[in-house]
Amino acid sequence: QVQLVESGGGLVQPGGSLTLSCAASGFTFSYYGMSWYRRAPGKEREFVASISSSGSGTSYLDSVKGRFTISRVNVKNTMYLQMNSLKPEDTAVYYCKRTTGDYWGQGTQVTVSS
């Protein structure tokens, strides 16, 4: 069955960096686009970034453009989200999703605080 497992979250100070990973299994990873979403406390889940199956195409939420970078390594069945210049408003649970179908990971908490 499809499994998506996020890791790499944690507590970081404003201006710091984190890299999230999403390990995929149960499907042919290189065939599918993938996405990152997040849910901040008291808010709806929102789209953060997406990447095409080959990795050649990406899209970002305006507020993270220039700070976050989505990438993937298909031979490792893994997607990444490099997050730089983190702000307190980036605090959220981050989820990976297969773009096609309702498949989500369990989420990883990112907290940006001094």
Side-chain angles (χ1 to χ4, degrees):
Q1 70 278 21
V2 173
Q3 278 197 312
L4 300 170
V5 180
E6 302 95 337
S7 61
L11 173 64
V12 63
Q13 292 187 341
S17 298
L18 279 177
T19 299
L20 306 183
S21 299
C22 173
S25 60
F27 63 101
T28 306
F29 184 69
S30 62
Y31 286 6
Y32 292 90
M34 297 291 295
S35 303
W36 287 99
Y37 283 74
R38 68 186 181 187
R39 177 176 282 150
K43 295 188 177 180
E44 296 292 317
R45 187 160 52 191
E46 67 176 350
F47 167 83
V48 175
S50 64
I51 188 166
S52 63
S53 57
S54 67
S56 61
T58 59
S59 180
Y60 294 92
L61 176 69
D62 282 349
S63 63
V64 309
K65 284 181 181 177
R67 300 189 297 122
F68 290 10
T69 303
I70 189 171
S71 62
R72 63 191 296 161
V73 178
N74 283 346
V75 295
K76 292 186 176 181
N77 290 346
T78 303
M79 174 178 67
Y80 304 95
L81 186 68
Q82 172 70 42
M83 305 186 294
N84 298 326
S85 302
L86 282 161
K87 304 176 181 180
E89 52 263 43
D90 295 317
T91 295
V93 178
Y94 284 73
Y95 301 88
C96 67
K97 180 186 183 298
R98 198 179 83 174
T99 302
T100 304
D102 192 28
Y103 300 104
W104 297 83
Q106 82 288 350
T108 186
Q109 176 71 48
V110 172
T111 302
V112 184
S113 175
S114 55

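None of the values given here were measured: they were computed from a predicted structure.
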Apply the hydrophobic cluster definition, ILVMFWY joined by side-chain contacts under 4.5 Å directly or through others, and give me every member besides Val73. Val75, Tyr80

Which pairs with one or both residues in residues 7-26 pass ring-ring contact (aromatic ring centres under 6.0 Å, His included), sequence neighbours excluded? none

By salt bridge (Lys or Arg N to Asp or Glu O under 4.0 Å), which residues pair with Arg67, not counting sequence neighbours? Asp90

Arg38/Leu61 under side-chain contact (heavy atoms from CB on, under 4.5 Å): CA gap, chis, key distance, verdict: CA-CA 11 Å; Arg38 68 186 181 187; Leu61 176 69; 3.6 Å; yes

Exam field: side chain Ser56 to backbone Ser54, donor-acceptor pair closer than 3.5 Å: no

Residues which pass side chain to side chain donor-acceptor pair (under 3.5 Å) with Asn77, listed by chain and number, not counting sequence neighbours: none

Inter- and intrachain pairs under disulfide bond (SG atoms under 2.5 Å apart), touching residues 32-94, at least two apart: none

Working to the nearest 0.5 Å, report the span between CG of Leu86 and CD of Gln13. 11.5 Å

Could you list who else is in Val93's hydrophobic cluster, with ILVMFWY side chains joined at under 4.5 Å, directly or through other members? Tyr37, Phe47, Tyr95, Trp104

Results of side chain to side chain donor-acceptor pair (under 3.5 Å) for Lys65 - residues two or more places apart only: Asp62

Suppose we screen for side chain to side chain donor-acceptor pair (under 3.5 Å). Which residues come up paired with Ser52, at least two apart in sequence or across chains? none

Side chains of residues 14-34: which donor-acceptor pairs under 3.5 Å do they make with residues two or more places apart or in other chains?
residue : atom : partner : partner atom : Å
Ser17   : OG   : Asn84   : OD1          : 2.9
Thr19   : OG1  : Gln82   : OE1          : 2.4

For residues 18-36, which residue pairs pass the salt bridge (Lys or Arg N to Asp or Glu O under 4.0 Å) check, not counting sequence neighbours? none

Atom CD1 in Ile70, atom OG in Ser59: separation rounded to 0.5 Å? 9.0 Å

Under the side chain to side chain donor-acceptor pair (under 3.5 Å) rule, collect the residues that match up with Arg98, sequence neighbours excluded. none

State, to 0.1 Å, how close Met79 and Cys96 come at their nearest heavy-atom pair, and which atoms those are. CE-CB, 3.5 Å

Would Gln109 and Thr91 count as a side-chain contact (heavy atoms from CB on, under 4.5 Å) here? Give the steps. CA-CA 8 Å; Gln109 176 71 48; Thr91 295; 4.0 Å; yes

Remaining members of Val5's ILVMFWY cluster at a side-chain heavy-atom cut-off under 4.5 Å? none

CD of Gln106 to CG of Leu4: how many Å apart, nearest 0.5 Å? 9.0 Å

Has Tyr60 got more than 12 heavy atoms of other residues, nucleotides or ligands less than 6.0 Å from its OH? yes

I need the Glu46 CD to Ser63 OG distance, nearest 0.5 Å. 6.0 Å

Shortest non-hydrogen separation from Thr58 to Ile51 and the atoms involved: CG2-CG1, 3.9 Å

